[in-house]
Asks: 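Shown below is the structure under consideration.
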Amino acid sequence: MLLQEILEARYDLETCEEGQKAGALSRLNALLDDAIEGKPYSREQLVEALGDRFREFRKAKRREESRRQH
Amino acid sequence: MPTATEKFIPGEFDFAVDERDWGAVQMLLAEIEHDLSERRRALLHRLAVWQVAVSVLRRAETRLMVLREPSRRDLDYHRAILSYLLGVGRLLLLELKKHAKIDPSAIGVSFEDVSAIVDDLAYSERERYGDMKQEFRDRLLEDVFGG
């Protein structure tokens, strides 16, 4: 599912090692481009519109990781 | 003491150089090279410090804004620091573009990675502090994902 893939890719960009940032950004941007293809929106607008969902997604991921560490 | 006019009479100025002149030129070149090298080092140092600051921001975000609900104070600081680091990152990118000889891989990161870190910060700023109207957001998400 595209929405889930975008959230995963966005999280990956934020959390990956610095040497992997360029690849992570390319993957995210490719998914964003797929989503907005033929639609009158920009990548940035889609990212902004997904802000609340991404925060929830990130919170769940971080809590899961935090639980695993303890 | 000869004046400048007396020193440079047209037709009498002699471009011939002896070894002492070359020595002076070489010293000047060494000085310029040293200066450029210092500037390269300074830019790479600023880049490295900026990278550390970004990772500290991300850690603080997780602790203060993801694993718990952020306070108004948290949001105010986060917004200001995020915006500051984004601006510094954009300036560093401009400087890196200007000085082709400066290779950020010397500190373990490519130019493309630096650029991606800047884009990541810009996305974070839009996600958290963008001013999109709820109505437009709902319509966009409906158009793109069908609800």
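From a predicted model like this one, the values you see are computed outputs, not experimental measurements. Below, read A as the first sequence line, B as the second, and so on, with proteins coming before strands; counting in each chain starts at 1.
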Asks: Looking only at heavy atoms and a cut-off of under 4.5 Å, which of Ile117(B), Val109(B), Val54(B) has the most pairs with chain A?
Replies: Ile117(B)
Asks: Would you say the side chain of Arg128(B) lies within less than 4.5 Å of the side chain of Arg55(A), judging by non-hydrogen atoms?
Replies: yes
Asks: Measure across Phe145(B) and Leu50(A) and return the closest heavy-atom pair with its distance rounded to 0.1 Å.
Replies: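 Of all heavy-atom pairs spanning Phe145(B) and Leu50(A), the closest is CE1-CD2, 4.0 Å.
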Asks: Would Glu18(A) and Asp113(B) count as a side-chain contact (heavy atoms from CB on, under 4.5 Å) if you check the C-alpha gap in whole Å, the side-chain angles of each, and the deciding distance to 0.1 Å?
Replies: CA-CA 7 Å; Glu18(A) 284 177 346; Asp113(B) 287 323; 5.8 Å; no
Asks: State, to 0.1 Å, how close Ala49(A) and Arg137(B) come at their nearest heavy-atom pair, and which atoms those are.
Replies: O-NH1, 3.4 Å
Asks: State, yes or no, whether a side-chain contact exists between Glu44(A) and Met132(B) at a heavy-atom distance under 4.5 Å.
Replies: no
Asks: So which residue, Ser115(B), Ser110(B), Ser124(B), ends up with the most heavy-atom pairs under 4.5 Å with chain A?
Replies: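 Ranked by heavy-atom pairs under 4.5 Å with chain A, first place is Ser124(B).
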Asks: Kindly check if the number of other-residue, nucleotide or ligand heavy atoms within 6.0 Å of CD (Glu38(B)) is above 12?
Replies: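 For Glu38(B), atom CD is crowded (more than 12 foreign heavy atoms under 6.0 Å).
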Asks: Can you confirm whether Thr15(A) sits close enough to Arg58(B) that some side-chain heavy atom of one is under 4.5 Å from a side-chain heavy atom of the other?
Replies: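 Sidechains of Arg58(B) and Thr15(A): no contact.
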Asks: Tell me every residue that passes side chain to side chain donor-acceptor pair (under 3.5 Å) with Asp35(B), counting only those two or more places apart in sequence or in another chain.
Replies: Arg39(B)
Asks: Does Arg58(A) come within less than 4.0 Å of Glu61(B), counting only side-chain N to carboxylate O?
Replies: yes
Asks: Within the supplied structure, the quantity of interest is the number of heavy atoms (other residues, nucleotides, ligands) at a distance under 6.0 Å from Glu31(B) CD; does it exceed 12?
Replies: no
Asks: Quick one, Tyr123(B) and Leu32(A) - any side-chain contact, counting heavy atoms below 4.5 Å?
Replies: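 Side chain of Tyr123(B) against side chain of Leu32(A), heavy atoms only: contact under 4.5 Å found.
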Asks: Measure across Asp131(B) and Glu48(A) and return the closest heavy-atom pair with its distance rounded to 0.1 Å.
Replies: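 Looking at all heavy atoms of both residues, the shortest contact is N-OE2, 3.0 Å.
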Asks: Counting only non-hydrogen atoms closer than 4.5 Å, does Phe136(B) touch chain A with its backbone (N, CA, C, O), its side chain (CB onward), both, or neither?
Replies: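 The answer is the side chain of Phe136(B).
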Asks: Before accepting this row, confirm whether a basic side-chain N of the pair Arg10(A)/Asp120(B) lies closer than 4.0 Å to the acidic partner's carboxylate O.
Replies: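 The answer is yes: the pair qualifies as a salt bridge.
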